[in-house]
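Input: a single structure, listed below in structure tokens.
In what follows, chains are A, B, ... by sequence order, proteins preceding strands, each numbered from 1.
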Protein chains: 2
Amino acid sequence: MASRNTRILEAAARVIARRGVRGLRVEELAAEAGVSTGLIYYHFKDRTGILRHTLEFINDRAERYTTVRGPDAPPLGPREELEQILLLELQDTAEVRENSAAWGELRASAVFDPALREDLARATLVWVQEVAALLGQVRPMAPAAKLAAAAERLTALMEGLSMRWLSGGLAIDHARTLMAGGIEAELSGLEPR
Amino acid sequence: MASRNTRILEAAARVIARRGVRGLRVEELAAEAGVSTGLIYYHFKDRTGILRHTLEFINDRAERYTTVRGPDAPPLGPREELEQILLLELQDTAEVRENSAAWGELRASAVFDPALREDLARATLVWVQEVAALLGQVRPMAPAAKLAAAAERLTALMEGLSMRWLSGGLAIDHARTLMAGGIEAELSGLEPR
DNA sequence: GTCTATAGGGGGATAGAC
DNA sequence: GTCTATCCCCCTATAGAC
């Protein structure tokens with residue numbers, strides 16, 4: 001693809017990462033994407049439509065960079081894959097920063113904008129289930145309810161650490177260390193005894 | 001106290017909890033407080049002034065409800081106090097909801113507004129140290145670095161769960177259960193072996 | 001201190017040509 | 001599909017009476 005539409009969504013992710021959802025101006029987005037405001041409304045109907053599609057877009061993109069690996073890379077074990085999926089969101093690269101910032105903004109916006117909640121809840125659920133499935137591969141004897149709870153905590157922790165990182169209160173390396181420790185702690189809690 | 005000024009700040013907390021920082025309209029605030037917009041500008045100079053004073057107000061209030069207990073209440077052990085301090089922020093009461101929503105808004109705003117970062121970082125540090133101290137009382141043999149890491153994770157987890165609760169993706173009871181499980185997990189990780 | 005009335009402008013959204 | 005031009009609402013902030 002890389003259709004015109006995608007160019008606008010990429011631009012939206014950049015603008016949101018720079019200004020926040022509240023700071024997003026359709027005019028600025030238009031300039032960033034190199035199109036007119038009219039075209040944006042033609043494609044996305046209104047401001048909320050822009051936001052909703054951007055959320056979907058960053059979600060797909062995150063899925064790509066957390067799951068796709070090189071063609072001849074060695075296959076990962078579940079434990080490694082688990083760490084990958086949670087630690088890849090804590091990297092100081094432009095794309096990850098954009099995704100994390102946009103995700104955090106959308107989460108915060110959803111508190112006051114019911115229109116965003118459904119999409120967000122669905123995306124969160126997919127993510128939690130993915131983590132729970134990986135936890136289940138590492139700890140096959142653990143009951144499903146415990147796996148689900150651990151996955152919910154790990155993903156919520158990830159969001160909390162990400163916000164602290166982005167709001168300048170936590171160095172990225174330290175955030176990664178804390179996240180790794182959290183995985184460790186949850187896995188011990190799931191150990192057979 | 002309970003001056004006219006305080007009435008406006010209480011109203012501001014309610015409006016922010018309902019609409020968010022970005023959704024606060026001075027006219028709506030005026031109606032909520034039962035005064036005119038002119039009076040609000042007379043007291044607080046401008047929109048930013050309203051926000052700054054409201055966030056200060058909310059902070060003082062949170063300190064009150066997480067630390068003050070009844071005069072003849074039995075003293076809490078460190079473990080109970082730890083649970084109190086972390087679970088009190090996950091309650092579906094108007095005041096807690098207001099405070100949590102405002103805190104989340106502040107955290108999210110700080111990502112794009114460096115002016116807010118310093119206050120936020122300081123408040124977070126105080127909170128983390130408080131939790132670390134309580135963890136240290138429950139697990140006196142644990143090294144300081146491990147206590148600090150556990151406290152950072154628990155407070156970050158608390159913020160993450162709070163956001164999910166407020167954005168409608170997580171029932172409050174479930175959030176509390178998850179938080180309690182997180183405390184449990186971190187305490188086992190700090191056990192002497 | 002408190003109100004009413006209003007200026008002033010930013011920005012979302014649309015109309016209509018191409 | 002894409003652009004230009006523009007409407008007009010909403011919301012911040014101020015002026016001035018009481």
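In terms of the ring pair (Phe, Tyr, Trp, His ring centres under 6.0 Å) criterion, residue partners of Phe44(B) (sequence neighbours excluded) are, by chain and number, His53(B).
If you take OH of Tyr41(B) and P of dT6(C), they are 18 Å apart, rounded to a whole angstrom. Summarising the geometry, the separation between CD on Glu28(A) and P on dG12(C) is reported as 10 Å, rounded to the nearest angstrom. As rounded to whole Å, 11 Å separates atom P of dG12(C) from atom CG of Leu51(A). Put simply, CD1 on Ile40(A) is 12 Å from C1' on dG12(C), counting in whole angstrom units. Residue Leu39(A) contributes atom CG, which lies 16 Å from atom P of dG12(C) at whole-angstrom precision.
Ranked by how close their nearest DNA chain C nucleotide is to the 5' end, Gly38(A) and Arg25(A) are led by Arg25(A).
No donor-acceptor contact under 3.5 angstrom links the side chains of Glu89(B) and Trp103(B), judged on distance only.
Within the 4.0 angstrom heavy-atom criterion, only backbone atoms of the sugar-phosphate kind lie near Leu24(A); the bases stay farther away.
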Pair Arg164(A)-Thr155(B), side chain to side chain donor-acceptor pair (under 3.5 Å): steps then yes or no: CA-CA 11 Å; Arg164(A) 286 197 188 172; Thr155(B) 53; 3.0 Å; yes
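Residues Arg176(B) and Gln91(B) are in side-chain contact: their nearest non-hydrogen atoms beyond the backbone lie under 4.5 Å apart. Annotation: side chain of Glu32(A) is not in contact with side chain of Glu27(A) (no heavy-atom distance under 4.5 Å).
Chain B approaches DNA chain D within less than 4.0 angstrom (heavy atoms of the protein), and the contacting nucleotides run 5' to 3' from dC11(D) to dT14(D).
The nearest pair of heavy atoms linking Val128(A) to Ala148(A) is CG1-O, 4.4 Å.
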